[in-house]
Amino acid sequence: MDEESPTTTPLLPHHRPQWWRKIPSNAISSLRLHKTTVWSELGGSVGDLGTYIPIVLALTLVSKLDLGTTLIFTALYNIVTGLLFGIPMPVQPMKSIASVAISEAPLLTLSQIAAAGIGTASVLLFLGATGLMSVLYRFIPLPVVRGVQLSQGLSFAFTAIKYVRYDQDFAANTQGDARSWLGLDGLIVAISAIVFLVITTGSGETYDNIEPVAGNRRVRRRLQILSSIPSALIVFLIGIILCFIIDPTIFNSLQLGPSKFHVLKITWDDFKTGFLRGSVPQIPLSILNSVIAVCKLSDDLFPEHEASVTAVSVSVGIMNLVGCWFGAMPVCHGAGGLAGQYRFGGRTGASVLLLGCGKLVLGLVFGNSFVRILNQFPVGILGALLLFAGIELAMASKDMNTKEESFVMLVCAAVSLTGSSAALGFVCGIVLFLLLKLREVDCGSHDGDD
């Protein structure tokens with residue numbers, strides 16, 4: 001029997017149609033709820049806010065990012081991608097650019113942040129339009145992709161635990177003292193949110209297609225009811241209510257009306273600085289996590305609507321080549337966001353379409369003044385949401401069938417986490433995979449064979 005490892009099978013074993021030919025069918029199917037509900041899609045719509053809010057808030061406070069402009073543009077991105085892909089495809093901040101912008105001196109200016117987003121987008125648009133991204137996706141070994149997903153998922157989970165346990169200053173990018181038990185942003189609130197999410201969502205199982213055993217029919221029915229509760233949405237709305245209780249003066253500081261759009265003046269020096277300091281570390285992460293990993297995860301979760309790497313890559317390019325010129329935050333798609341939205345009930349493009357409509361309303365009504373609300377949002381609740389999103393992404397790596405696959409995946413993840421670089425972990429994973437295959441090469445002469 002041939003026991004060839006499945007790692008030698010390309011990720012894309014068959015020819016895929018051009019991405020633009022898939023728009024009509026996905027646009028129609030994204031509006032059909034199939035076996036899901038509006039409440040389920042609403043719950044999934046807030047599944048990735050655990051990463052979105054902290055980064056947007058930090059860029060707004062430190063880099064003077066206009067929150068109203070970012071809300072409007074990311075809302076439009078959400079609506080379009082929800083229709084385009086037909087799955088809860090997330091729109092998330094470019095994390096490496098944001099990290100450099102708020103933590104490395106001298107801090108990047110808003111024009112340099114935009115230039116970094118444009119530079120990254122140009123590279124991804126080129127790779128997608130030329131088909132090179134599909135070539136990468138086709139031949140990258142599955143254990144290496146799983147290693148990237150595992151490292152990103154665990155990284156989110158580690159960050160979530162820090163949010164729950166310690167006070168956070170997003171503006172200064174620092175961690176404070178241990179969080180107190182009491183208070184509206186205390187440990188009791190955060191732990192209560194986690195307990196509520198565990199009770200309602202369990203470990204992320206679905207019960208729609210499984211026939212219950214006669215003796216467990218009532219238990220199965222109870223679990224179905226619990227899983228239908230939009231738990232993430234409830235937790236998020238409780239967080240919004242707590243914002244106004246923590247700081248009642250928010251009511252007086254809110255100003256109605258959207259921010260005024262203006263085109264940024266980006267100089268050649270801005271492009272040079274933004275590309276070298278922001279784009280260079282972001283490009284590998286965008287290729288691996290925002291395109292390759294998210295497409296593989298979409299294949300796992302939605303086999304009938306697997307996202308095309310060409311479409312995802314081109315989508316990231318177009319979004320930023322438009323929005324960054326107006327000062328919107330550089331964004332990409334991400335496996336963590338997709339896992340989070342799926343974890344809390346998102347099953348179609350309606351999930352991100354609803355999120356986009358919500359962002360659009362907030363951006364048009366409150367503009368940049370909405371930052372006062374986000375600045376008071378309980379960080380422990382953000383940690384609770386982020387924890388489940390991270391674990392869901394990490395669990396995508398559970399399908400490794402051999403010790404060799406697991407070995408490659410775990411080394412790739414370990415290097416990624418220790419070196420804080422998905423690109424470094426990816427390179428080590430590829431090298432390790434090739435070395436293991438080299439051991440199996442038969443270099444002997446066939447003359448002496450029987």
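Along the sequence shown, the residues carry numbers beginning at 1.
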Which residue, I250, V371, D185, forms the side chain to side chain contact (heavy atoms under 4.5 Å, CB included) with Q376?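 Testing each of I250, V371, D185 against Q376, the sole residue satisfying side chain to side chain contact (heavy atoms under 4.5 Å, CB included) is I250.
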
Apply the test side chain to side chain contact (heavy atoms under 4.5 Å, CB included) to residues I238 and V235: give CA-CA distance (whole Å), side-chain angles for both, the deciding distance (0.1 Å), then the verdict. CA-CA 5 Å; I238 290 175; V235 169; 5.6 Å; no

Just wondering, do [Y] and [X] contact through their side chains at under 4.5 Å, heavy atoms?
| X | Y | result |
| --- | --- | --- |
| L184 | P378 | no |
| T120 | I97 | yes |
| F196 | I234 | yes |

Does CD in Q255 sit with more than 12 non-hydrogen atoms of other residues, nucleotides or ligands closer than 6.0 Å? no

Does atom CZ of F244 have more than 12 heavy-atom neighbours from other groups under 6.0 Å away? yes

Dump the intermediate steps for side-chain hydrogen bond (donor to acceptor under 3.5 Å, both in side chains) on S259 and N368, then the final yes or no. CA-CA 6 Å; S259 302; N368 199 50; 5.2 Å; no

Could you measure the distance from the [atom1] atom of [X] to the [atom2] atom of [Y]? Nearest 0.5 Å is fine.
| X | Y | atom1 | atom2 | value |
| --- | --- | --- | --- | --- |
| F156 | I161 | CZ | CD1 | 14.5 Å |
| I72 | D66 | CD1 | CG | 8.5 Å |
| L67 | T60 | CG | OG1 | 4.5 Å |

Between [X] and [Y], is there a donor-acceptor pair closer than 3.5 Å when you use the side chain of the first and the backbone of the second?
| X | Y | result |
| --- | --- | --- |
| S351 | T348 | no |
| S111 | K265 | yes |
| S180 | L182 | yes |
| S313 | L124 | yes |
| D169 | G176 | no |
| S286 | I283 | no |
| R347 | Y342 | yes |
| H333 | P90 | yes |
| S290 | I287 | no |
| Q112 | T109 | yes |

V411: what forms a side-chain contact (heavy atoms from CB on, under 4.5 Å) with it, not counting sequence neighbours?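 Testing V411 for side-chain contact (heavy atoms from CB on, under 4.5 Å), a comparison that skips the adjacent residues, returns F407, V415, L432.
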
Give every residue pair that meets the side chain to side chain donor-acceptor pair (under 3.5 Å) criterion with at least one member in residues 147-166, sequence neighbours excluded.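 For residues 147-166, and leaving out neighbouring residues, the side chain to side chain donor-acceptor pair (under 3.5 Å) pairs sorted by first residue read R146-Q149.
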
Run the numbers on T267 and D270 for side-chain hydrogen bond (donor to acceptor under 3.5 Å, both in side chains), then give the verdict. CA-CA 5 Å; T267 66; D270 290 332; 3.1 Å; yes

Do K296 and Y137 form a cation-pi contact, if we require the NZ or CZ to be under 6.0 Å from the six-membered ring centre and within 45 degrees of the ring's axis?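 No, K296 does not lie over the aromatic ring of Y137.
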
Can you see which heavy atom on [X] is nearest to which on [Y], and at what distance?
| X | Y | answer |
| --- | --- | --- |
| S134 | V309 | OG-CG2, 3.3 Å |
| W39 | P230 | O-CB, 3.4 Å |
| A116 | G274 | CB-O, 3.3 Å |

Can you list the steps and then say if L59 with I102 is a side chain to side chain contact (heavy atoms under 4.5 Å, CB included)? CA-CA 7 Å; L59 288 174; I102 64 179; 3.8 Å; yes

Proximity of F377 and F236 rings by center, below 6.0 Å: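 Between F236 and F377, which both carry aromatic rings, the centre distance is below 6.0 Å.
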
Would a line drawn from the ring center of F73 to the ring center of F261 be shorter than 6.0 Å?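 They qualify: ring centres under 6.0 Å apart.
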
Show your working on side chain to side chain contact (heavy atoms under 4.5 Å, CB included) between E405 and L142 and close with a plain yes or no. CA-CA 8 Å; E405 291 177 331; L142 180 60; 5.6 Å; no

Show your reasoning for whether side chain to side chain contact (heavy atoms under 4.5 Å, CB included) applies to R179 and V379. CA-CA 10 Å; R179 191 177 301 281; V379 179; 3.7 Å; yes

If a pair satisfies salt bridge (Lys or Arg N to Asp or Glu O under 4.0 Å) and one of its residues is in residues 233-256, list it, with sequence neighbours excluded. D247-R372

